[in-house]
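Below is one structure, written out as structure tokens; comments come after it.
Because only heavy atoms are used, hydrogens play no part in the values below, and waters and symmetry mates are left out as well, while side chains stay in. So that the names make sense, note that chain A is the first sequence line, chain B the second, and so on, each numbered from 1.
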Amino acid sequence: MPKADSLQGSLDLLVLKTLSRRPGLHGYAIMTAIRERSDDVLRVEEGSLYPALHRMEEAGWLRAEWVTKDNGRRARAYALTKAGEKQLEAEESRWEAVTVAVQRVLRTV
Amino acid sequence: MSLWSRFVNVFRGDSLRREIAEELESHIEEAVERGRDPLEARRALGPALRLREESRDVRLLSWLDSLRGDAVFAWRQIVKNTAATAAVILSLGLAIGSCLAAFRLVDALLLRPLPIAHVERLHSVAHEGFNDRHELQASQSFEYPLFREMRAAVEADAELLALSYAQRADLAFGAGEETEKAYRQFVLGGMFDSFGLMPALGRLLTAADDATPGGHPYAVLSYDFWNRRFGRDPEIVGQTFRMDDQVFEIIGVLEQGFTGVEPGVFVDVYAPLTMNGALSRPGLGWIRAFALLGPDASANAVRDKLTPIYRAYQEEQVKDWKAAKQEVVDRWLNRTLRVEPAPTGSSEIQRTYRTGLTAIAGLAALVLLIACANVANLMSARAATRSREMALRVSIGAGRRRLVRLVLVESAFLALLATAVGAAFCSWAAPQVVGMISPPDNPTRLTLPADLRLFGFGMALSVAVTGLFGVAPALRASSVQPVAALKGGEAPRLRQRLMKGLVGVQAAFCVVVTLMAGLLVGTLDRLRNQDMGFSAPGLLLLEASSDTPQPSSAWRQAIDGLAATPGVESASAASWPLLFGISGGLVWTDGRPAEASSYLLRVSPGWAETMQIGRVEGRDLRVGETDGALVNEAFAETFLGKASPLGRWFEIGSPNGSRSRFQVVGVVHDAVYHDLREGFRPAAYIPFHAGDGGESPQSWGTFVVRTKGEAASALAPALREAVSRARPEFRVTNVRTQQELISRQTVRERLLAALASFFAVVALLLAGLGLYGVLEYSVFQRRREIGVRRAVGAQAGDIAWQVTASVGATAAVGALIGVGLSLLAARSIESLLYQVRPTDAAMLAPAALAVGLAAVAAAAPSVAKAVGIDPAEILRAD
């Protein structure tokens, strides 16, 4: 059973956004990409990443395939599906609404 | 897609686990490659097991996965206790199989709609009234002229269909002229079209074949007959055969599946109604009528339209009954018409077996309940021994629902396996039973498909059974108190109360089954061993006919030829054997009609002696005599009063008013005439050739031959030859023994007695097993207590009493309740019983004895074990 997680909303958004820009990344690369893009501010908790990836895969937002890396090891590469793109849009607009609301609160208080 | 992949993942658990592990491993490796410390990377990722499980739960249907886990576990439990499980599966399978077989028969005979179009519109037309014994009797027979009037009257609302009763007929195919028996039915040609039936070959009869009496010598074969007799010969259309001295042309074969409208009989040959010789004979009710209602018509409306025509016809008939008493006339005129839905058709076999088969199905259900109680007890006992395991499961966080499911899954497994065993038993048993209700010359045939109906019933049964024996133990197991159970103590009282209660229930049902079986066996016994007034063993009956009526001298020569055959003690003739046909009429004495009627049989001199019916007074009939008569004691008493009947004259009337006059020359002892169940009724035996004022030649009759020794049938070929040597004009059409005729009247009783006895044995066995199990368990549970009691000086008797008293009391109460239930149940099978009542001591005692013996046998091992407990050993073990 998926567990309720306060970070979950933003984690999903970050992963989806990253994959929409650079499809075919595997777990470690997704993590690194998020950290680098955010200038080391956002660090994905490694323990939460894989359950989240698997959950999104089962939800049909991501599809995964095994690829062979340069060093000959197999890795699971993820990419967005059609449903994943829609989900990304929805997550993005939700996030914007939330940040606008938070800013409004910060300004008025 | 996603649901599917999660479903599939349940069954590839291991490879799924490996995949997840590999992905995580590859993550760590990459981290190490990037220069991170392996230990740190691993810690950052978190505990691998948790991650793996979390991902795994996401990627499959977790409820299905745990169900799979339960199933695997349950299967291991089942395999672990092979002996106990096999006993459960076999006993439950036997019970389920019996239920399935009973359902299969009841369904095929009484429930399954005929495979015709608009079966919901098919209604039977019948008339009913009281007979001379004041019993309400329904009849589906109509005379052809009446049928035609009725058919015309309701043309707008319903189509009336007519069929003759399906009968065995002699058919001769091809030039060989060898006759064979087949079921023949005359039908209204339009019937096939109205039923929406199609030909498999050629054409079917149509309404056009109903036009001219005698003008349509065409016949349609049933698919089954075409297949069985002709190997599906495609050239069959156009061939001819002889039936009742007429030549018929085969015009087609009926589609597969339709076997007639009389469940229990497969009709082989259909011929047009117009070809039946009875068409022109008045006063013969040979038509079975059905109504196919129009879409908007109601059965009552049709009945109301038919009634005035029926009534007018009856009144017309009564006009001829000048001599009949008013009471008889009124009875005839007060008959009423009934139009009732008949989606399953209508047949004698249905009527004969409806109550009996339903009763047998009830007994099968009781046996199933007894078996369920056994399994419930076994599961309870097993749950008790597993209480520590259950407590452990609860302590490490298993939910109650999960525990209930665990036990239920195990029950469902048992039920499914038992259903499989039951299905195998049923596929063997059901045709056996059908075979048992077939008299040798009159096969009963039923469509017994193993189809969705049967499968659905089996599944429903299996679910019900799981519920019955699985739910209580499951709830009990889940309510385990971990602290108490793990400490080693628990509350066994509650569990034992449930088990004891089930023993009581088993005792009750067991008594019902045993007593019912006793009643049915008793009925068969009384019927078989009653005094029939004649001696059946060694009697051989040769039905004979000739093309032209033969004088008494010809019949006498044939009789003498038979009597001279080696191995024959005596020979004579009668119109038909006893326990076969019926003839009779109202008796007149001193020019006035008497209160009752008498049976009548034409017999030759020497017949009473051959039958070994003793003479009370007077003499036998003489050769050439045509107005003498033998009467039985019941006749003499009923009609001739106290004075000696010898020499008295009496008359026997027929419905059309004519009367024949006879003088009593001898009085013989009573004998059963037609029906084993009706006892002795007045009968007059008149000369074989009696006629109006002289001898009347006879073209058919039955030679009655008493053979020396009892192996009568072995003589049949020699006797056939003796008849044709003496008088070649006689053809022997059938040979049977008197015993066969008796057996024929007890077919149903034998079947019911055999099935009920079988169920009684199974019920006793299962209930005994149940009692044994419960006592065994209770002795095991109380072994310490018993050991202590022994140690402080309790006697063996005390221990035996301790062990059995409370279970015995429950069983006894159950048995008493069972007797009460039996009295209620016996009422519903009253029509099947003969001279036995459930309250008879002769019925109660054997049932009580059987149940008591089974209980004692079941209790003995446990009591012996309890008494044999060595206190020292038990106490040392603690």
Could you measure the distance from the NE2 atom of His26(A) to the OG atom of Ser26(B)? Nearest 0.5 Å is fine.
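His26(A) NE2 to Ser26(B) OG: 6.0 Å, rounded to 0.5 Å.
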Atom pair CD1 (Ile20(B)) and OH (Tyr50(A)), whose distance is rounded to the nearest 0.5 Å
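These two atoms lie 12.0 Å from each other.
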For [X], look at atom [atom1] and say whether over 12 heavy atoms of other residues, nucleotides or ligands are found less than 6.0 Å away.
| X | atom1 | result |
| --- | --- | --- |
| Arg37(A) | CZ | no |
| Arg42(B) | CZ | no |
| Phe455(B) | CZ | no |
| Arg17(B) | CZ | yes |

TODO: Could you go through the side chain to side chain contact (heavy atoms under 4.5 Å, CB included) check for Thr32(A) and Glu30(B) one step at a time?
DONE: CA-CA 11 Å; Thr32(A) 322; Glu30(B) 188 154 353; 5.8 Å; no
Chain A heavy atoms under 4.5 Å from Ala31(B): which part of the residue, side chain, backbone, both or neither?
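For Ala31(B), backbone and side chain are both near chain A.
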Which atoms of Leu24(B) are under 4.5 Å from chain A, going by heavy atoms: the side chain, the backbone, both sets, or neither?
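Contact with chain A involves the side chain of Leu24(B) alone.
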Any side-chain heavy-atom pair from [X] and [Y] closer than 4.5 angstrom?
| X | Y | result |
| --- | --- | --- |
| Glu19(B) | Trp66(A) | yes |
| Arg76(A) | Glu22(B) | no |
| His27(B) | Met31(A) | yes |

Which atom names give the shortest non-hydrogen contact between Ala41(B) and Glu46(A), and what distance separates them?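 Closest heavy-atom pair between Ala41(B) and Glu46(A): O-OE1, 4.2 Å.
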For side chain to side chain donor-acceptor pair (under 3.5 Å), just list the numbers for His54(A) and Glu23(B), CA-CA rounded to whole Å, side-chain angles, deciding distance to a tenth of an Å, and then say yes or no. CA-CA 11 Å; His54(A) 293 149; Glu23(B) 189 174 9; 2.9 Å; yes
